2 protein chains.
Amino acid sequence: MNKGDLIESVASQLNESKAHATKIVDAVLEGISQGVQRDGKVTITGFGSFERKERAARTGINPATRQPIEIKASRTINFRPSQSLKESLNEATV
Amino acid sequence: MNKGDLIESVASQLNESKAHATKIVDAVLEGISQGVQRDGKVTITGFGSFERKERAARTGINPATRQPIEIKASRTINFRPSQSLKESLNEATV
DNA sequence: ATTCGATCAGATCGCCCTTGTTCATCGACA
DNA sequence: TGTCGATGAACAAGGGCGATCTGATCGAAT
């Protein structure tokens with residue numbers, strides 16, 4: 001499923017045009033993105049929580065050359081689905 | 001940041017009422033959730049991708065009793081931020 | 001058409017994951 | 001807006017899984 005399908009789904013749910021749904025999806029994603037950037041964590045009850053995680057530097061391996069390399073610290077986004085979402089996953093397609 | 005703040009952000013971006021923004025956020029999250037459940041993966045260009053991951057069974061420990069327990073296989077959702085989102089993270093709050 | 005993401009390789013280290021309770025906070029409803 | 005119910009976070013400890021690195025290429029998506 002890609003962005004277009006998500007937009008179609010949203011458009012169908014809200015009974016809106018795809019053009020507007022595009023803006024909607026973009027706004028929501030933008031809001032989440034800004035929230036993570038500013039607050040460091042976005043908790044959405046019943047869905048899950050996005051959290052900015054600082055990844056410490058460590059020693060890794062370059063798969064191409066198989067040489068040990070030092071991976072410097074970076075930051076990523078960790079998403080943890082809420083209990084409800086996990087249950088939905090386990091119920092569906094079991 | 002919680003759901004209410006996200007709704008406010010969306011309402012501000014779209015210049016909509018908070019009531020409608022609530023429906024909007026709910027619809028987008030519902031769309032993503034359904035997409036993950038049905039397709040197993042939701043890729044949103046410029047934002048990231050949600051992927052349903054099967055977690056294998058393994059041996060864990062009950063922190064309360066410190067006894068080894070068998071954790072049965074389950075499934076969770078893995079979110080990988082896109083390159084653009086990572087760059088936004090590194091630029092902000094550095 | 002161009003850009004963006006996924007893929008794959010091997011290996012190391014990180015950190016997630018469990019249980020169960022309490023508590024505070026958040027959301028929803030009236 | 002106020003209240004009530006629901007939901008998430010925290011904590012503890014340890015083991016094993018999986019995430020992640022490069023980077024070029026291919027395919028898909030916009």
Side-chain angles (χ1 to χ4, degrees), chain A residues 1-8 18-19 21-23 25-26 29 35 39-90, chain B residues 1-8 10-11 18-19 21-23 25-26 29-30 35 39-89:
Chain A
M1 184 199 225
N2 41 27
K3 196 174 182 179
D5 295 327
L6 174 62
I7 290 174
E8 282 189 27
K18 284 177 62 178
T22 302
K23 298 176 187 174
V25 171
D26 200 33
L29 298 180
D39 253 27
K41 186 183 336 190
V42 175
T43 303
I44 304 174
T45 306
F47 184 74
S49 56
F50 298 85
E51 188 171 1
R52 185 186 56 205
K53 298 284 288 185
E54 311 281 343
R55 301 195 60 88
R58 63 178 167 129
T59 304
I61 286 190
N62 187 336
T65 62
R66 298 176 58 179
Q67 284 182 352
I69 59 174
E70 182 180 359
I71 304 174
K72 56 187 171 185
S74 64
R75 55 184 58 171
T76 184
I77 294 185
N78 180 260
F79 172 73
R80 285 175 40 186
S82 76
Q83 191 62 25
S84 315
L85 195 52
K86 281 189 181 178
E87 288 178 2
S88 300
L89 281 181
N90 289 330
Chain B
M1 186 199 224
N2 37 30
K3 195 175 182 180
D5 295 327
L6 175 62
I7 289 173
E8 281 189 27
V10 172
K18 285 177 60 179
T22 302
K23 298 176 186 173
V25 171
D26 199 34
L29 297 180
E30 180 79 9
D39 253 28
K41 188 182 336 190
V42 175
T43 303
I44 304 174
T45 306
F47 184 73
S49 55
F50 298 85
E51 186 172 1
R52 185 185 57 204
K53 298 284 287 187
E54 310 281 343
R55 299 194 64 89
R58 65 183 164 122
T59 303
I61 286 189
N62 186 335
T65 61
R66 298 175 60 179
Q67 284 182 352
I69 57 175
E70 182 181 358
I71 304 174
K72 55 187 174 186
S74 64
R75 54 185 58 171
T76 183
I77 293 184
N78 179 259
F79 172 73
R80 283 176 41 186
S82 75
Q83 191 62 25
S84 316
L85 194 51
K86 281 188 182 178
E87 289 178 3
S88 302
L89 281 182

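Fair warning: this is a prediction, and the values are worked out from it, not measured in the lab. Hydrogens, waters and symmetry mates are skipped; everything else that's a heavy atom, side chains included, is used. Proteins get letters first, then strands, A, B, ... in listed order; numbering begins at 1 in each.
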Can you measure from CZ (B/R52) to CZ (B/R75) and round to the nearest 0.5 angstrom?
5.0 Å
Could you tell me how far apart A/E8 (CD) and D/dA29 (C1') are, to the nearest whole angstrom?
14 Å
B/D26 atom CG is separated from C/dG27 atom P, nearest whole Å, by 12 Å
In whole angstroms, the gap separating C1' of D/dA12 from CZ of B/R66 amounts to 9 Å
Taking everything shown except A/E70 itself, do over 12 heavy atoms lie less than 6.0 Å from its CD?
no
Classify the nucleic acid contact of B/K72 as base, sugar-phosphate or nothing, counting any heavy atom under 4.0 Å across all strands shown.
nothing
Over how many whole Å does the gap from B/I44 atom CD1 to C/dA6 atom P extend?
11 Å
ring-ring contact (aromatic ring centres under 6.0 Å, His included) with B/F47: which residues, sequence neighbours excluded?
B/F79
Across the strands shown, which category fits A/S82 at heavy-atom distances under 4.0 angstrom: base, sugar-phosphate, nothing?
sugar-phosphate
Specify the separation, in whole Å, of atom CZ of B/F79 and atom P of D/dA19.
14 Å
Taking side-chain contact (heavy atoms from CB on, under 4.5 Å) as the definition, give me every residue that meets it alongside B/N2, ordered by chain and number, with sequence neighbours left out.
B/D5
The salt bridge (Lys or Arg N to Asp or Glu O under 4.0 Å) partners of A/K18 (sequence neighbours excluded) come to A/E8
Go through the structure and list residues passing side-chain contact (heavy atoms from CB on, under 4.5 Å) with B/N62, not counting sequence neighbours.
B/A64, B/T65, B/I69
Counting primed atoms, P, OP1 and OP2 as sugar-phosphate and everything else as base, the B/S/- map of nucleotides 13-26 of chain C against protein heavy atoms under 4.0 Å is SS-SBBB------S
In whole Å, what is the span from the NZ atom of B/K18 to the C1' atom of D/dT1?
11 Å
Compute the angle between the rotation axes at the two ends of the helix from C/dA1-D/dT30 to C/dA30-D/dT1, each taken over five pairs, rounded to 10 degrees.
170°
Hey, what do you get for NZ (A/K53) to CD1 (A/I77), rounding to the nearest 0.5 Å?
12.5 Å
Separation of C/dC4 atom C1' from B/E87 atom CD, nearest Å, is 12 Å
Find the distance A/Q83:CD to C/dG27:P and express it as a whole number of Å.
18 Å
For A/T43, all residues meeting side-chain contact (heavy atoms from CB on, under 4.5 Å), sequence neighbours excluded:
A/K41, A/S49
Regarding B/S49, tell me which of base, sugar-phosphate or nothing describes its non-hydrogen contacts under 4.0 Å with the strands shown.
sugar-phosphate
Taken in chain and number order and not counting sequence neighbours, the residues that satisfy side-chain contact (heavy atoms from CB on, under 4.5 Å) with B/R55 are B/S74, B/T76
